[in-house]
Amino acid sequence: MPSHLGAVFAAGFLLSGLRPAAAETIQYNIFGNCNGTCANSGLSRGNIVFGTLALERDSIVIGGTFDETDLVSFSVTFGANTISTANAAGASLVGIWGNDLTTIAALDLRASTTITPNSGLGLLLMLGASIVSTSASCGDAACDALGWANAATLSGVTVRETSRPSPVPLPPALLLALAGPGALAFAALRHRRPTRGDGAR
């Protein structure tokens, strides 16, 4: 391979290696207030329930749907209890994306730390209103069964995207070192192209 083409390919390979991986996740913060039967789940009225949610970014379509295949992780803490992907025995998820590629327009996340007939922590997370329980169980891995005991109701539930850090710019010297050989080789290649005066066809 001619040296000038080798430099072009080498520079392109180095630059491509600096690009972030295609797969990304969107991180969300979850907040809500306990407003009913709070003591059943170790809460007091008005206590804040909080958590996080992470969804795959690649499948986002405006107004499109997402499900548990897009779920990366979740964690919701109410009082002294936390239910998350680390301890959930089953979880199901359906939702609708908003119109800006990150906002969630509708959400239904259900999870429990046990499968029937046992009981443990439970979560039904929806925008606006949700349920948490210390005596819940899923009928199966999809966690579609409700009727949980010791359940508290939440109001004002919001799911908001956390701020993502801006990409760290590369130092100018590094950019010049990477792009310089490729740019010079490309200029040399253009300069060496034959013109009509050189006998080009």
Side-chain angles (χ1 to χ4, degrees), residues 24-60 63-165:
E24 290 186 58
T25 60
I26 305 179
Q27 304 282 345
Y28 297 91
N29 285 330
I30 302 166
F31 294 100
N33 299 300
C34 190
N35 70 332
T37 60
C38 302
N40 289 343
S41 293
L43 299 168
S44 297
R45 189 175 181 87
N47 279 171
I48 300 296
V49 173
F50 60 92
T52 59
L53 174 69
L55 299 173
E56 283 288 351
R57 186 178 176 82
D58 292 347
S59 61
I60 292 177
T65 61
F66 56 88
D67 58 29
E68 58 269 10
T69 62
D70 304 302
L71 178 63
V72 177
S73 66
F74 74 90
S75 178
V76 174
T77 297
F78 53 104
N81 305 295
T82 298
I83 181 170
S84 68
T85 45
N87 63 0
S92 65
L93 172 67
V94 292
I96 300 175
W97 293 113
N99 60 4
D100 62 359
L101 298 183
T102 59
T103 298
I104 294 176
L107 178 72
D108 186 328
L109 172 63
R110 305 180 185 202
S112 173
T113 58
T114 61
I115 300 293
T116 301
N118 299 315
S119 64
L121 303 179
L123 170 69
L124 168 54
L125 182 67
M126 302 177 73
L127 299 183
S130 299
I131 297 172
V132 291
S133 173
T134 56
S135 298
S137 61
C138 289
D140 53 33
C143 202
D144 290 327
L146 290 179
W148 297 336
N150 294 333
T153 58
L154 311 179
S155 63
V157 175
T158 60
V159 178
R160 297 182 181 178
E161 183 190 8
T162 61
S163 58
R164 293 193 301 274

> Picking from E24, E56, Q27, what satisfies side chain to side chain contact (heavy atoms under 4.5 Å, CB included) with V72?
Replying inline: E56
>> Which residue in the set L55, V94, L127, V157 passes side chain to side chain contact (heavy atoms under 4.5 Å, CB included) when paired with L107?
In response: L127
Would you give me the side-chain donor-acceptor pairs under 3.5 Å for residues 82-90, sequence neighbours excluded?
from : atom 1 : to  : atom 2 : distance (Å)
T82  : OG1    : T77 : OG1    : 2.8
S84  : OG     : A86 : N      : 3.1
N87  : OD1    : S84 : N      : 2.8
N87  : ND2    : T82 : O      : 2.9

For residues [X] and [Y], report the shortest heavy-atom separation together with the two atoms involved.
| X | Y | value |
| --- | --- | --- |
| F66 | A106 | CZ-O, 4.0 Å |
| A91 | F74 | CB-CE2, 4.4 Å |
| S112 | C143 | N-SG, 3.6 Å |
| I131 | W148 | CG2-CE3, 4.4 Å |
| G122 | A136 | CA-CB, 3.5 Å |

>> Does S137 form a side-chain hydrogen bond (donor to acceptor under 3.5 Å, both in side chains) with T116? I'd like the steps, not just the answer.
In response: CA-CA 5 Å; S137 61; T116 301; 3.2 Å; yes
Any chance you could measure [X], atom [atom1], to [Y], atom [atom2], to the nearest 0.5 Å?
| X | Y | atom1 | atom2 | value |
| --- | --- | --- | --- | --- |
| S130 | L154 | OG | CG | 5.5 Å |
| Y28 | T103 | OH | OG1 | 7.0 Å |
| D67 | D108 | CG | CG | 12.0 Å |

> Going by heavy atoms in the side chains, are V49 and L43 under 4.5 Å from each other?
Replying inline: yes
Pairs of donor and acceptor atoms involving the side chains of residues 30-39, under 3.5 Å and at least two apart or interchain, shall be tabulated with distances.
from : atom 1 : to   : atom 2 : distance (Å)
N35  : OD1    : T153 : OG1    : 2.9
T37  : OG1    : A151 : O      : 2.6

>> Before you tell me yes or no, could you show the steps for L71 and L53 under side-chain contact (heavy atoms from CB on, under 4.5 Å), namely the whole-Å CA-CA distance, both residues' side-chain angles and the distance that decides it to 0.1 Å?
In response: CA-CA 8 Å; L71 178 63; L53 174 69; 3.6 Å; yes
> Would W97 and I104 satisfy side-chain contact (heavy atoms from CB on, under 4.5 Å), going step by step from the backbone distance to the final call?
Replying inline: CA-CA 5 Å; W97 293 113; I104 294 176; 4.2 Å; yes
> Checking side-chain contact (heavy atoms from CB on, under 4.5 Å) for the pair N81/V132: CA distance, chi angles, key distance, verdict?
Replying inline: CA-CA 10 Å; N81 305 295; V132 291; over 6 Å; no
> Is the backbone N or O of G120 less than 3.5 Å from a side-chain atom of T114, with the two atoms forming a donor-acceptor pair by type?
Replying inline: yes
> Side chain of E68, backbone of L93: donor and acceptor closer than 3.5 Å?
Replying inline: yes
>> For L121 and T134: C-alpha separation, side-chain torsions, deciding distance, then whether side-chain contact (heavy atoms from CB on, under 4.5 Å) applies.
In response: CA-CA 4 Å; L121 303 179; T134 56; 4.2 Å; yes
